[in-house]
Amino acid sequence: MAKEKMTTEVLCQEKLAEGIYSLWLNAGKMAAEAVPGQFISIYSSDASRLLPRPISLCEIDSEGGRLRVVYRVAGAGTEEFSQLKQGDFVDILGPLGNGFPLKEAEGKRVLLIGGGIGIPPMLETAKALRGKAELTSVLGYRDSQLFLQTAFAACGAAEVATEDGSAGTKGNVLDAVREKGLTGDLIFACGPKPMLRALKAYAAETDIKCYLSLEERMACGIGACLACVCQSKDVDEHSHVHNKRICKEGPVFCAEEVELL
C-alpha cells in the first residue's frame with residue numbers, strides 16, 4: 001500500500017469533550033487506500049517542530065476521499081491542530097502502519113475494546129465489521145464525557161466504563177468485561193499500555209485470540225529511525241534484535257507477538 005505526503009484541506013473541526021477534537025480532512029486517494037487501524041502523521045506549520053504527530057484514523061470515507069481523526073490535545077503540536085478551521089491546509093503523511101485483521105473477525109463474536117484516546121481508532125473497525133460479526137464494544141473513559149459512544153452503539157452492543165463511576169461500570173474496561181460477563185472469539189483493542197497489558201493477560205487466561213494496537217511516541221513514522229520499538233518474541237529483520245517497529249510492523253500486533261513491559 002503506497003504512502004505519500006500531501007497537503008490536505010480541513011473540511012471541519014469540532015470539540016467533542018474537554019481537550020478532545022474531531023478533525024475531518026479532504027485526503028483524496030489516501031482515503032481510498034486506508035484501512036481500519038492505520039494512522040497518519042500530521043505536520044506542524046511551525047518550522048521549529050520538525051517531527052509530525054502520529055494520529056490514528058477514526059473514520060475513513062473512501063468514496064468521498066475524507067479522513068477523520070479524533071485526538072487529545074497533549075502538547076504544542078496538537079494545540080496548534082486544535083486551532084485549525086474549515087478551509088485551512090495541513091500537511092499529512094499516510095496511510096501508515098497496518099490494520100486489524102478484519103477477514104479473521106468475520107462470522108465471529110468480537111470484543112472491540114478502546115480506552116481513552118484509543119477509542120477513536122476502534123470506530124472505523126466497528127463500522128467495517130457491522131453486519132459481518134457479532135460486535136460488542138467496551139469503551140473506557142475518565143468521566144461522563146462519552147465521546148463517540150453513540151457511534152459505537154449504532155454498530156452493535158456498547159458497554160462503558162468510567163474511572164470516576166459517573167457512567168457505566170466504575171473502573172476500567174476489564175472491570176466492565178467481567179461485570180457484564182462479556183466474552184468472544186476475538187479481541188481487538190487499542191489504549192494505554194497498562195490496559196493492553198491487562199487485556200493480553202486476560203486473553204491468555206480465557207484462551208481468546210487478541211490483537212492490540214499499540215500507542216507510542218513516533219518520529220519518522222516509516223520505520224527508519226527505530227524510535228518506536230517494542231519488544232517481541234521474534235528477531236526483527238530490520239534491526240536483528242528482539243523488537244518490532246510499531247510504526248512499520250504495527251501498530252496492530254497479535255498479543256502473543258509482543259512483550260508489554
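Remember, predicted model here, so these are calculated numbers, not experimental data.
- Using a 3.5 Å distance cut-off with no hydrogens or angles, the side chains of Asp46 and Ser44 do not pair a donor with an acceptor.
- A distance of 13.0 Å separates CG of Leu112 from CD of Glu159, quoted to the nearest 0.5 Å.
- Residues Lys200 and Cys210 have side chains not in contact (no heavy-atom distance under 4.5 Å, counting atoms from C-beta outward).
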Run the side-chain contact (heavy atoms from CB on, under 4.5 Å) test on Thr183 and Arg109 for me, step by step, so that the C-alpha distance in whole Å, both residues' side-chain angles and the decisive distance to 0.1 Å come before the verdict.
CA-CA 8 Å; Thr183 189; Arg109 299 171 301 158; 3.4 Å; yes
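- Considering only heavy atoms from C-beta on, Ile60 comes within 4.5 Å of Leu67 through its side chain.
- The heavy-atom pair separating Val138 from Ala176 by the smallest distance is CG1-CB, 3.9 Å.
- Under the 3.5 Å distance criterion, the side-chain polar atoms of Ser166 are matched with a main-chain donor or acceptor of Ser144.
- What you find for Val252 and Gly37 is that their closest heavy atoms are CG2-O, 4.3 Å.
- Remark: side-chain polar atoms of Thr162 are paired, donor with acceptor, to backbone N or O of Ala167 under 3.5 angstrom.
- Side-chain atoms of Tyr211 and Glu104 include a donor-acceptor pair closer than 3.5 Å.
- Residues Met195 and Asn172 form no side-chain contact, since every pair of their non-hydrogen atoms from C-beta on lies 4.5 Å or further apart.
- The distance from the OG1 atom of Thr136 to the CD1 atom of Ile187 is 11.5 Å, given to the nearest 0.5 Å.
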Ile92/Met30 under side-chain contact (heavy atoms from CB on, under 4.5 Å): CA gap, chis, key distance, verdict:
CA-CA 10 Å; Ile92 63 175; Met30 189 183 296; 3.6 Å; yes
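- Counted by atom type alone, Ser45 and Glu80 present one or more donor-acceptor pairs between their side chains at under 3.5 Å.
- Put simply, Val69 and Ile117 are part of two different groups of oily side chains (I, L, V, M, F, W, Y) that touch within less than 4.5 Å, one to the next.
- Atom-to-atom distance recorded for Ile113:CD1 and Cys190:SG is 11.5 Å, nearest 0.5 angstrom.
- Side-chain contact between Ser41 and Leu96 is present, with at least one heavy-atom pair separated by less than 4.5 Å.
- Two residues are said to be in side-chain contact when any heavy atoms from C-beta on lie closer than 4.5 Å; Pro36 and Leu102 meet this criterion.
- Closest of all the heavy-atom pairs between Leu196 and Gly191 is CD1-O, 3.5 Å.
- Ser22 and Arg68 form a side-chain donor-acceptor contact under 3.5 Å, judged by distance and modelled atom types alone.
- Contact check for Leu25 versus Ile40: side-chain heavy atoms found under the 4.5 Å cut-off.
- Here the straight-line distance linking atom CG of Leu182 with atom CG of Leu174 works out to 10.5 Å at 0.5 Å rounding.
- Closest heavy-atom contact between Phe147 and Gly116: CZ-O, 3.6 Å.
- There is a path of hydrophobic side-chain contacts, each under 4.5 Å, that joins Val70 to Leu146.
- Following chains of ILVMFWY side-chain contacts shorter than 4.5 Å, one can reach Phe100 starting from Leu139, so the two form part of one hydrophobic cluster.
- Put simply, the side chain of Arg142 never gets that close to the backbone of Gly140: no donor and acceptor are under 3.5 Å apart.
- Taken together through direct or relayed side-chain contacts under 4.5 Å among Ile, Leu, Val, Met, Phe, Trp and Tyr, Trp24 and Leu123 form parts of separate hydrophobic clusters.
- Distance check, rounded to the nearest 0.5 Å: CG of Asp185 to CD1 of Ile208 gives 8.0 Å.
- Shown here for Gly65 and Ala31, the closest heavy-atom pair between the two residues is C-CB, 3.6 Å.
- Within 6.0 Å of NZ in Lys108 there are more than 12 heavy atoms belonging to other residues, nucleotides or ligands.
- Under the salt bridge (charged side-chain N to carboxylate O under 4.0 Å, His left out) criterion, Asp175 pairs with no residue at all, not counting sequence neighbours.
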Please tabulate, for side-chain N and O atoms in residues 5-19, each donor-acceptor pair with protein atoms closer than 3.5 Å (sequence neighbours left out).
unit_1, atom_1, unit_2, atom_2, d
Thr7, OG1, Asp91, OD1, 2.6
Thr8, OG1, Asn26, N, 3.4
Thr8, OG1, Asn26, O, 2.4
Gln13, OE1, Tyr71, OH, 2.6
Gln13, NE2, Phe81, O, 3.0
Gln13, NE2, Ser82, O, 3.4
Gln13, NE2, Leu84, O, 2.7

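- Considering all non-hydrogen atoms of both residues, Cys155 and Leu135 come closest at O-CD1, 3.8 Å.
- Sparse packing is recorded around CD of Glu134, with 12 or fewer heavy atoms of other residues, nucleotides or ligands lying under 6.0 Å away.
- Ile20 and Ile119 fall within a single hydrophobic cluster, where Ile, Leu, Val, Met, Phe, Trp and Tyr are joined by side-chain heavy atoms under 4.5 Å apart, directly or via other members.
- A distance of 11.5 Å separates CZ in Arg197 from CG in Leu212, rounded to the nearest 0.5 Å.
- Looking at heavy atoms from C-beta onward, Cys58 lies in side-chain contact with Leu148 at the 4.5 angstrom threshold.
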